[in-house]
Amino acid sequence: MHSEEMIHDLIARYVSGEASPEEAMEVETWAEESLANKTCLEGCFRIYLASNGSFNVKAKTQIWKNIEAQIAPLPKTPAIMKRFWVVSIAVSVLLVVTTIFLLTKQSGRNSFPLVYTATTNTRNIQLSDGTRITLAPSSKVVLEENYGDASRRMTLQGNASFFVRHNESKPFVVAIDGLNIKDVGTHFIVTDLPESAQIKVEVHEGEVLLSNSMGQSLSLQAGEAAIYRRPSGSLEAVQIKKTTVLMVDDNEKLHIPGPNKDSTIIHRYSSDDAIKTNSDSLMILSIVEAQRILGGPVGLNNKDKNKNDGLLKLTCQYRLLSDAGITLNSDVEYFGGEDAAHKAYERYRTKYPAAKDVQTLKAKMVEAFEVLEGSTYYLIVMRKQKIVLQTKMNKPQSDVSIKTLLLILKEKVQGIK
Amino acid sequence: LIQQLSDKEHFKRFYEEHFVSVMRYCNSIVKDQTEASDIVQQAFIVLWQKRNEIYIHSSEKSYLYKMVYNSSLQFLEKRRTRSSREQQVASSQMKVVVMNSAAEQELETMIYEAIRQLPTQCRRIFEMSRNENLKYREIAVQLDLSEKTVENQMGKALKILRIALKDYLPSLLFLIYLYYAQ
């Protein structure tokens with residue numbers, strides 16, 4: 001159909017962004033004709049853009065999810081009318097079930113639900129006592145019926161991270177498969193590892209007390225971890241595998257958010273700074289990128305509900321990332337960049353002093369992120385001494401230093417190997 | 001009514017069929033994968049939402065491409081009108097890409113080498129387009145050539161480069177595929 005010269009001219013127009021919709025379709029149709037054509041087109045994209053002309057396969061799924069979430073159910077009136085009686089029965093049954101369910105609930109003293117499940121996505125739960133739980137996908141917590149009255153007990157299936165609002169008189173206990181985890185003012189993470197018949201508990205703040213059914217107990221301080229082995233029920237203290245997440249802001253300052261919120265900010269970072277966190281894995285991520293990946297403001301939480309202009313906090317959990325199709329080592333348990341987030345927040349507060357309510361603030365914050373100067377963002381995930389790196393840059397001034405940083409990191413990692 | 005958009009199943013198939021190409025098209029214009037995803041996503045949503053309102057003359061496919069084209073140009077326009085500092089940023093977007101692996105860095109070096117080997121005018125035009133992100137028209141004006149010549153030279157450059165790099169490209173694409181598929 002086309003001579004080789006013609007198609008090359010057409011591809012040239014295409015890759016350099018000059019193609020009209022018709023021309024683009026022509027090239028795409030041509031590329032569909034054979035594998036060789038397709039390879040040729042992808043090759044040209046690579047040569048021109050020096051980046052993958054091919055696209056992230058996962059992005060396709062993710063974008064479809066986004067689209068699906070936004071497209072309303074179909075107005076299929078005739079079909080529905082025909083099945084009207086089926087629907088009406090279903091509705092009545094549902095009503096009865098719901099009513100029974102609600103009545104049962106009402107009889108309990110707690111108006112909060114007792115069972116929380118996370119199916120495909122990570123779920124953030126805020127309990128009546130201020131305790132926050134982040135449930136990993138396919139996990140479940142069941143609160144005891146009178147949770148919060150005299151004690152606070154719950155059972156967990158799967159993985160979760162807990163930020164417990166401590167209360168001496170109401171001990172907080174998580175039970176998982178014969179293991180009791182009692183907090184003493186804490187942020188801790190429970191990971192169930194079914195394949196190795198183990199449950200791992202990591203304490204990032206405060207202290208917890210573990211006990212098994214045989215009466216053995218173990219106290220864990222911040223920075224310590226323990227493994228509970230099934231079926232023997234033995235408890236063993238282990239070292240926490242650390243993952244450090246560095247947040248990089250526009251001024252190329254590295255933020256190392258420590259588990260105890262004492263974010264370290266390293267001005268004008270050096271290679272040693274990045275490495276001396278002595279992590280098993282390391283991740284560098286800017287807020288903007290996190291936000292992009294997650295497709296919206298990242299874990300934007302209103303910290304204090306009583307304050308109208310509430311301090312917005314930006315945190316994100318690795319599991320959100322894995323929801324977005326980025327698989328991370330299961331050792332990666334936490335990351336957040338509160339410091340950077342606060343700064344971004346302050347910056348846009350000065351920009352939008354009029355914004356009063358949280359909704360407006362959120363909207364403005366999204367905007368603010370979009371115009372955040374430079375918007376350099378990149379993500380580095382290093383795991384098992386292998387760098388998987390995904391990056392994109394907009395700011396020419398900073399390219400060199402970032403590139404240098406990456407090279408240094410690479411060398412370091414290869415050095416370890 | 002449009003057959004392919006009659007229900008969600010068809011729509012999904014339509015999406016599956018055209019996503020990659022339309023992303024590629026969008027990215028060729030905006031040269032920013034994140035922006036491209038946003039634009040493409042929005043285009044599909046609009047297409048679905050308006051499926052009953054719009055009368056499509058040609059095909060839903062060309063409607064999709066046109067929408068993406070228009071949004072991409074709008075995006076470029078928006079970016080152009082931002083502050084001068086950001087303008088600077090925009091004009092040189094994405095030219096430095098840090099590579100995934102040693103293999104990719106190797107390819108980058110090789111592409112660079114191959115570009116250096118191009119005939120002078122060919123190379124100049126290719127670099128002006130690729131590195132300075134100039135439109136064919138702008139290049140034509142600067143070099144006092146016709147737009148058609150610029151286009152031909154670009155095609156020639158791509159062809160030469162592709163042939164020069166043909167031993168490397170397929171295997172690397174495969175590597176990239178592995179990386180994404182992992």
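Here is the naming used below: chain letters follow the sequence lines, and residue numbers restart at 1 for every chain.
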Go through it in stages, so that I can follow the logic: the residues are B:Val20 and A:Lys38, the test is side chain to side chain contact (heavy atoms under 4.5 Å, CB included), and I'd like the CA-CA distance, side-chain angles, deciding distance and then a yes or no. CA-CA 12 Å; B:Val20 174; A:Lys38 203 174 164 208; 5.9 Å; no
Walk me through it: do A:Arg13 and B:Met154 pass the test side chain to side chain contact (heavy atoms under 4.5 Å, CB included)? CA-CA 8 Å; A:Arg13 289 186 67 80; B:Met154 275 291 295; over 6 Å; no
If you count heavy-atom pairs within less than 4.5 Å of chain A, which of B:Ile45, B:Val68, B:Val22 leads? B:Ile45
For the pair B:Lys135 (side chain) and A:Gly17 (backbone), establish whether a donor and an acceptor sit closer than 3.5 Å, ignoring hydrogens and angles. yes
Worked verdict on B:Arg24 versus A:Glu42 for side chain to side chain contact (heavy atoms under 4.5 Å, CB included): CA-CA 9 Å; B:Arg24 185 154 45 212; A:Glu42 283 172 353; 3.7 Å; yes
How long is the gap from CH2 on B:Trp48 to CD on A:Glu68, to the nearest 0.5 Å? 10.5 Å
In the structure I gave you, are the side-chain heavy atoms of B:Lys159 and A:Ile7 within less than 4.5 Å of one another anywhere? no
Roughly how far, to the nearest 0.5 Å, is the CG atom of B:Asn152 from the CG atom of A:Asp9? 4.5 Å
Note: A:Ile63 and B:Gln41 closest approach over all heavy atoms is CG2-CB, 3.8 Å
In terms of heavy-atom contacts, B:Tyr69 and A:Ala19 come closest through CE1-O, 3.9 Å
Cationic N near anionic O, under 4.0 Å, B:Glu16 to A:Lys60: yes
Under 3.5 Å, is there a donor-acceptor pair between the side chain of A:Tyr14 and the main chain of B:Tyr25? yes
Taking C-beta and beyond as the side chain, do B:Tyr15 and A:Ile67 meet within less than 4.5 Å on heavy atoms? yes
Taking A:Pro21, A:Ala24, A:Ser16 one by one, which has the highest count of heavy-atom pairs under 4.5 Å against chain B? A:Pro21
So, for A:Trp64 and B:Phe11, which heavy atoms are closest and what is the spacing to 0.1 Å? CH2-CD2, 3.6 Å
Short question: side chain of A:Tyr48, backbone of B:Ser129 - any donor-acceptor pair under 3.5 Å? yes
Region of B:Gln153 that comes under 4.5 Å of a non-hydrogen atom in chain A: neither
For the CD atom of A:Glu32 and the CD atom of B:Glu17, what is their distance to the nearest 0.5 Å? 8.0 Å
Heavy-atom cut-off 4.5 Å, strictly under: side chain, backbone, both or neither for B:Tyr136 against chain A? both
Largest heavy-atom contact set with chain A, pairs under 4.5 Å, which of B:Ser28, B:Ala157, B:Ser37: B:Ser28
Mind checking the CG-CG spacing from B:Leu158 to A:Leu10? Nearest 0.5 Å is all I need. 11.5 Å
Do the side chains of A:His8 and B:Lys156 get nearer than 4.5 Å, heavy atoms only? no
A:Met25 and B:Lys66: CA distance, side-chain angles, deciding distance, side chain to side chain contact (heavy atoms under 4.5 Å, CB included) verdict: CA-CA 10 Å; A:Met25 281 190 285; B:Lys66 274 183 199 130; over 6 Å; no
Check A:Ile47 against B:Arg130 and note the closest heavy-atom contact, atom names and distance. O-NE, 3.1 Å
Segment of B:Leu134 engaging chain A (4.5 angstrom heavy-atom cut-off): backbone
